[in-house]
Engineer: 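Handing you this structure, nothing more for now.
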Amino acid sequence: MTAPLSSICCPCPKGWKFDEKLTLEMGRLAVETGMWTLYEWENGEYKYSRLPKKIYAVGEYMKYQGRFSI
């Protein structure tokens, strides 16, 4: 038996240059734009932890981040 692996996204207000009040929203947008997938790898099986019902434009995720010029 192998140890489970969970993949997570940790938005960084300082490094990504966005208002810290948007931290949870940034994590949500990462998944809902398809820029980040939430998955688990356990006992040799890959499974999604959450699939968004609707995929939003990537620009919605990037527009709050000062590290990108769009």
Engineer: Any side-chain heavy atom of Ile55 sitting closer than 4.5 Å to one from Glu32?
Structural biologist: no
Engineer: Could you walk me through whether Thr37 and Tyr48 satisfy the side-chain contact (heavy atoms from CB on, under 4.5 Å) test, starting with their C-alpha distance in whole Å, then the side-chain angles of each, then the deciding distance to 0.1 Å, before giving a yes or no?
Structural biologist: CA-CA 7 Å; Thr37 56; Tyr48 288 100; 4.0 Å; yes
Engineer: Let me confirm one number: the CD-CD distance from Glu45 to Glu40, rounded to the nearest 0.5 Å.
Structural biologist: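 Between Glu45 CD and Glu40 CD, I get 10.0 Å after rounding to 0.5 Å.
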Engineer: Measuring from atom NZ of Lys63 to atom CG of Leu29, what distance do you get when rounded to the nearest 0.5 angstrom?
Structural biologist: 8.5 Å
Engineer: Side-chain polar contacts of residues 8-17 - donor-acceptor pairs under 3.5 angstrom, sequence neighbours left out - could you list them?
Structural biologist:
none

Engineer: Going by distance alone, is a donor N or O of one side chain under 3.5 Å from an acceptor N or O of the other, for Thr33 and Glu60?
Structural biologist: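 The answer is no; no qualifying pair exists.
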Engineer: Quick check, are the ring centers of Tyr56 and Tyr61 under 6.0 angstrom apart?
Structural biologist: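 Tyr56 vs Tyr61: aromatic centres not under 6.0 Å.
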Engineer: Could you pull out every donor-acceptor pair under 3.5 Å between side chains of residues 19-26 and any protein atom, sequence neighbours left out?
Structural biologist:
{"from": "Asp19", "atom 1": "OD1", "to": "Lys21", "atom 2": "N", "distance (Å)": "2.9"}
{"from": "Thr23", "atom 1": "OG1", "to": "Glu20", "atom 2": "O", "distance (Å)": "2.7"}
{"from": "Glu25", "atom 1": "OE1", "to": "Arg28", "atom 2": "NE", "distance (Å)": "3.0"}
{"from": "Glu25", "atom 1": "OE1", "to": "Arg28", "atom 2": "NH2", "distance (Å)": "3.0"}
{"from": "Glu25", "atom 1": "OE2", "to": "Arg28", "atom 2": "NH2", "distance (Å)": "2.3"}

Engineer: On a heavy-atom basis, which atom in Tyr39 and which in Tyr46 lie closest, and how many Å separate them?
Structural biologist: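 Closest approach of Tyr39 to Tyr46: CD1-CE1, 3.3 Å.
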